[in-house]
Chemist: 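Quick one: structure below, then a few questions.
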Amino acid sequence: ASSASGFAAIAFAFGQLFHLPEKEVVRLARLGSGSACRSILGGFVHWKAGFNEWDSTCESLFPSTHWPNLRAVIIVCSTTEKDIGSTVGMKASLATSSFMRTRVEEDVPVRVKELISAVEYRNFRQLAEITMRESDQLHAICLDTWPPLLYLNESSRQIMRFVHAFNAHFGTCLAYTFDAGPNAILLMEDETFPIFMQTFVKACDFKLPKSIHGSSHSENIGLESDMPKLFPEPIQVDIRDMFGDAQQTGHFNEFSM
């Protein structure tokens, strides 16, 4: 998120300028934007809730080298500014959503432990299910907020359908997550990326960028034509590979596997 990266950069700059300890830099980043504190540390970071600004802190559980073949792809479904910002939306959810208490008291403690275990043992299937359920629950709370927060758009929902159809065909090897906005982050391992790209491009009206179009992307992977069509209407998106400079813009067409 722009707020997380922005406030993390500001906090880091202050830390360098005034020679602050890392713990203080993390605290400063969190004061700017809650999720910014995670951006200060490297690897897989656990943001601990705490009870105040002093004990709500972060811990790096595993280095970035722990799961080196884990990949993330961003699909930008909208570049427009959202009607209601994340901070305002969260306050509204806390005040009006009956789902929020159940999530905080019951679901989050269990899922955090399960998520840490999934990362520790590099269990992608477990990581994928928890990640998608967390994302779905977030947006269920948004809908339960009054008035409801409508962050996802039709492109977002089509991406969700794509991921579930992909997993039904290939096994659970792809996951989506959405923050308070319509843009999707897809998680996968390196070995899934060629199959994902070929399948996703089959659903989109654009060609693979040369920088990610290797010979492996052109192999026959046995796509079937009897799967339901997921994209009956053209939907424009941008797809960006977080681990390279490849960028493409295209339109969703009819999709079948």
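When reading the values below, keep in mind they use all heavy atoms of this one structure, side chains included, and skip hydrogens, waters and symmetry mates.
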Chemist: Under a 4.0 Å N-O cut-off, is there an ion pair linking Arg111 with Glu114?
Modeler: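 Result for this pair is no, no salt bridge flagged.
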Chemist: Any sub-3.5 Å donor-acceptor pair from Ser56's side-chain atoms to Lys48's backbone N or O?
Modeler: yes
Chemist: Side-chain donor-acceptor pair under 3.5 Å between Ser97 and Trp146, yes or no?
Modeler: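 Ser97 vs Trp146: no donor-acceptor pair found between side chains.
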Chemist: Examine distances only and state if a side-chain atom of Asn153 and a backbone atom of Ser78 form a donor-acceptor pair shorter than 3.5 Å.
Modeler: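 Judged by distance alone, no pair lies under 3.5 Å.
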Chemist: State, to 0.1 Å, how close Ser93 and Leu149 come at their nearest heavy-atom pair, and which atoms those are.
Modeler: OG-CD1, 3.7 Å
Chemist: Return yes if a side-chain donor-acceptor contact under 3.5 Å exists between Tyr151 and Asp83, otherwise no.
Modeler: no
Chemist: Is the backbone of Ala180 close enough, under 3.5 Å, to the side chain of Lys82 for a donor and an acceptor to pair up by distance?
Modeler: yes
Chemist: At what distance, to the nearest 0.5 angstrom, does CG of Asp107 lie from CD of Gln137?
Modeler: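 So the gap between those two atoms works out to 4.5 Å.
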Chemist: Report yes or no: does Asn167 contribute a side-chain atom to a donor-acceptor pair with the main-chain N or O of Cys173 at less than 3.5 Å?
Modeler: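 Side chain of Asn167 to backbone of Cys173, a donor-acceptor pair under 3.5 Å: yes, one is there.
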Chemist: Can you list everything that forms a side chain to side chain contact (heavy atoms under 4.5 Å, CB included) with Ser64? Sequence neighbours excluded, please.
Modeler: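 Once residues adjacent in sequence are excluded, Ser64 has no partner under the side chain to side chain contact (heavy atoms under 4.5 Å, CB included) criterion.
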Chemist: Fit a plane to each ring of Phe14 and Phe18, take the angle between them on a 0 to 90° scale, and name the class: parallel (under 30°), tilted (30 to 60°) or perpendicular (over 60°).
Modeler: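 Plane angle under 30°, so parallel.
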Chemist: Write out all pairs satisfying ring pair (Phe, Tyr, Trp, His ring centres under 6.0 Å) with one or both partners inside residues 57-103, taking only residues at least two apart or from two chains.
Modeler: Phe62-His66
Chemist: Ignoring hydrogens and angles, tell me if any N or O in the side chain of Ser33 forms a donor-acceptor pair with the backbone of Ala29 under 3.5 Å.
Modeler: no
